[in-house]
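Side-chain atoms are counted along with the backbone in the values below, which use heavy atoms only and exclude waters and symmetry mates.
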Amino acid sequence: MVHPTAPQPTLAPSAVFDWLDEAADLRARAGLTRTLRSRPADDPVLDLASNDYLGLVHHPAVTEAAAEAARRWGGGATGSRLVTGTTALHTELEDELAEFCGFEAALVFSTGYAANLAALTALTDPDTLIVSDAYNHASLIDGCRLARSDVHRAPHADPDAVREVLATRSHRRALVVTDSVFSVDGNAAPLAGHCAAARAHGAALLVDDAHGLGVLGDGGRGALAAAGLAGAPDTVATVTLSKSLGSQGGAVLGPRRVIRHLTETARTFIFDTGLAPAAVGAALGALRLLRAEPHRADRAREVAHTLAARLTAAGLHASTPDAAVVSVRAPGPDAAVQWAADCRTAGLAVGCFRPPSVPDGISRLRLTARGDLTVAQITEAVRIIAATGPA
């Protein structure tokens, strides 16, 4: 640590950010370079990389709902939700989303990331113990870091370990935090076990259902509905509107007093501009479509199981999906990057997960089992992945 009174090195203005080049070189040597790729609106590549689980991003009912919202309410929300950023459309979405998922109330945010930060920072304090699953999403991890609380990183999907930690706590409050479906392998959390552990020790349960909404539960009502926890007085859920609902944004669902507390205290709600009306309209249109066509959730799970079975039959190490995510293990980071690139060259877009994005250090291809994929598209996807895989 440099003493405040010690002489500071003099750098030319052009050299102030030289350290960024050194950091970039280190990432490159570790195979962790990331690049942006712009895609055209009419990209011919078969897409198994997005989170469009139900194939609703381009559905006419969704795009028209977005367009109508923009025509009526304008291009932006104009301000924070507590000033001018709450339209009647926001209120409709919150009411219908809460009712659909089985909770008392909902609060919509500009992103799912912001929703997770809000829930974790507003529902905790210095006298709170947070018990967080080791494989939780980055937004939950960052929320834990921002919370003024002690945080314990629990072994993955282990309710007994959660119970042991809670049993020895000295904090007045405790919060158990987990994804419902983990985004890397697509495996589901043992929500019933976590709930039992939390209730045995007076703790609350916070579940990020980003990958469960629209895929799990009756008609896609989510993992908490499937586990019988929707609407529980000690349970809070967060969701994204950017996956199954084909839009953008996020929301927190829970008891009405929790939502009131977030409205009045959550910084990522109070100081952020409200979600744009077009995104609100698209999410509302998708939610109403899912309610009218509940079979879409079943189809997404069916496609996931078909993909996993066919990839396994082709000799690849594919995960067993609990929702709509399937992963295929790669020998290492470089091999995963090259494999994904070769798939794209062959006409297939797949995700590529590698350290530090994967907590177990194992690089993977990540596939989205979209509910609108045809049998022919599934067959072609499996063929390309098998043909381009590392020797």
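In plain terms, the two heavy atoms of Gly250 and Leu241 that are nearest each other are N-CG, 3.9 Å. In terms of heavy atoms, Thr121 sits closest to Gly143 at CG2-O, 4.1 Å. Nearest approach of Leu166 to Ala174, heavy atoms of both residues: CD2-CB, 3.7 Å.
Note that the OG1 atom of Thr312 and the NE2 atom of His317 stand 8.5 Å from one another [nearest 0.5 Å]. Taking CG of Asp133 as the start and CD1 of Ile141 as the end, the distance is 9.5 Å to the nearest 0.5 Å. Between atom CD of residue Glu96 and atom OG1 of residue Thr91 there is a gap of 11.5 Å, rounded to the nearest 0.5 Å. Put simply, CG on Asn51 and CZ on Arg366 are 4.5 Å apart, with the number rounded to the nearest 0.5 Å. Taken from OG in Ser319 to CG in Leu365, the straight-line distance is 11.0 Å, to the nearest 0.5 Å. With values rounded to the nearest 0.5 angstrom, Ile385 atom CD1 is found 12.5 Å from Asp342 atom CG.
Of the possible polar contacts, none joining the Thr368 side chain to the Tyr53 backbone as a donor-acceptor pair under 3.5 Å is found. In terms of modelled atom types and a separation under 3.5 Å, the side chain of Arg173 and the main chain of Leu123 share no donor-acceptor contact. Side-chain atoms of Asp208 do not come within 3.5 Å of backbone N or O of Asn116 as any donor-acceptor pair. Side-chain atoms of His90 come within 3.5 Å of backbone N or O of Thr87 as a donor-acceptor pair. The backbone N or O of Asp125 sits less than 3.5 Å from a side-chain atom of Ser149, completing a donor-acceptor pair. Side chain of Arg301 to main chain of Val215: a donor-acceptor pair is present (N/O by atom type, distance under 3.5 Å, no hydrogens or angles). Ser363 places no side-chain N or O within donor-acceptor distance of the main-chain N or O of Ala330, the cut-off being under 3.5 Å. In this structure, the side chain of Asn136 engages the main chain of Asp179 through a donor-acceptor pair within 3.5 Å. The main-chain N or O of Val108 is found under 3.5 Å from a side-chain atom of Glu94 such that the two form a donor-acceptor pair. Side-chain N or O atoms of Thr345 include one that pairs as donor or acceptor with a backbone N or O of Ala341 at under 3.5 Å.
For residues 159-169, the set of pairs meeting the side chain to side chain donor-acceptor pair (under 3.5 Å) definition, not counting sequence neighbours, is empty. Residue pairs meeting the side chain to side chain donor-acceptor pair (under 3.5 Å) criterion with at least one member in residues 10-38, sequence neighbours excluded, are Arg34-Ser357.
If you chain together ILVMFWY residues whose side-chain heavy atoms come under 4.5 Å of each other, Leu26 ends up in a group of its own. Other cluster members for Val358: Val184, Phe353, joined by side-chain heavy-atom distances under 4.5 Å among Ile, Leu, Val, Met, Phe, Trp and Tyr. Cluster note: Ile362 groups with no other residue, as no ILVMFWY side-chain heavy atom lies under 4.5 Å from it. Grouped with Val45 in a hydrophobic cluster is no other residue, since no side-chain heavy-atom contact under 4.5 Å to another Ile, Leu, Val, Met, Phe, Trp or Tyr is found.
No option in Leu213, Val239, Leu229, Leu253 other than Leu229 meets the side chain to side chain contact (heavy atoms under 4.5 Å, CB included) test with Leu224.
When the salt bridge (charged side-chain N to carboxylate O under 4.0 Å, His left out) test is applied to Glu380, the partners found at least two apart in sequence or on another chain are Arg383. Residues passing the ring-ring contact (aromatic ring centres under 6.0 Å, His included) test with Phe182, sequence neighbours excluded: His156. Scanning for salt bridge (charged side-chain N to carboxylate O under 4.0 Å, His left out) contacts around Arg354 gives an empty result, with sequence neighbours left out. Scored by the salt bridge (charged side-chain N to carboxylate O under 4.0 Å, His left out) test, Arg296 finds Glu293 as partners (sequence neighbours excluded). Looking at residues two or more places apart in sequence or on another chain, you find no salt bridge (charged side-chain N to carboxylate O under 4.0 Å, His left out) involving Asp95.
Contact of the Thr78 side chain with the Val83 side chain is not registered, since no non-hydrogen atoms from C-beta on lie closer than 4.5 Å. Between Val303 and Arg370, the closest side-chain pair of non-hydrogen atoms is not below 4.5 Å. Counting only heavy atoms from C-beta outward, the side chains of Asp218 and Pro294 never approach each other to under 4.5 Å. No side-chain heavy atom of Val62 sits under 4.5 Å from any side-chain heavy atom of Val57.
Both Leu373 and Leu348 are members of a single hydrophobic cluster when ILVMFWY side chains are connected at heavy-atom separations under 4.5 Å. With hydrophobic clusters built from ILVMFWY side chains whose heavy atoms lie under 4.5 angstrom apart, Val177 does not share a cluster with Tyr135.
Residue Arg153 places its CZ atom among 12 or fewer non-hydrogen atoms of other residues, nucleotides or ligands, all under 6.0 Å distant. No more than 12 heavy atoms of other residues, nucleotides or ligands lie within 6.0 Å of CZ in Arg172, so this atom counts as exposed by the packing criterion.
Side-chain contact of His137 with Tyr113: a donor-acceptor pair under 3.5 Å is absent, judged by distance alone.
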Residues 267-283, side-chain donor-acceptor partners within the protein, below 3.5 Å, at least two apart:
from	atom 1	to	atom 2	distance (Å)
Thr268	OG1	Ala114	O	2.9
Asp272	OD2	Ser110	OG	2.4

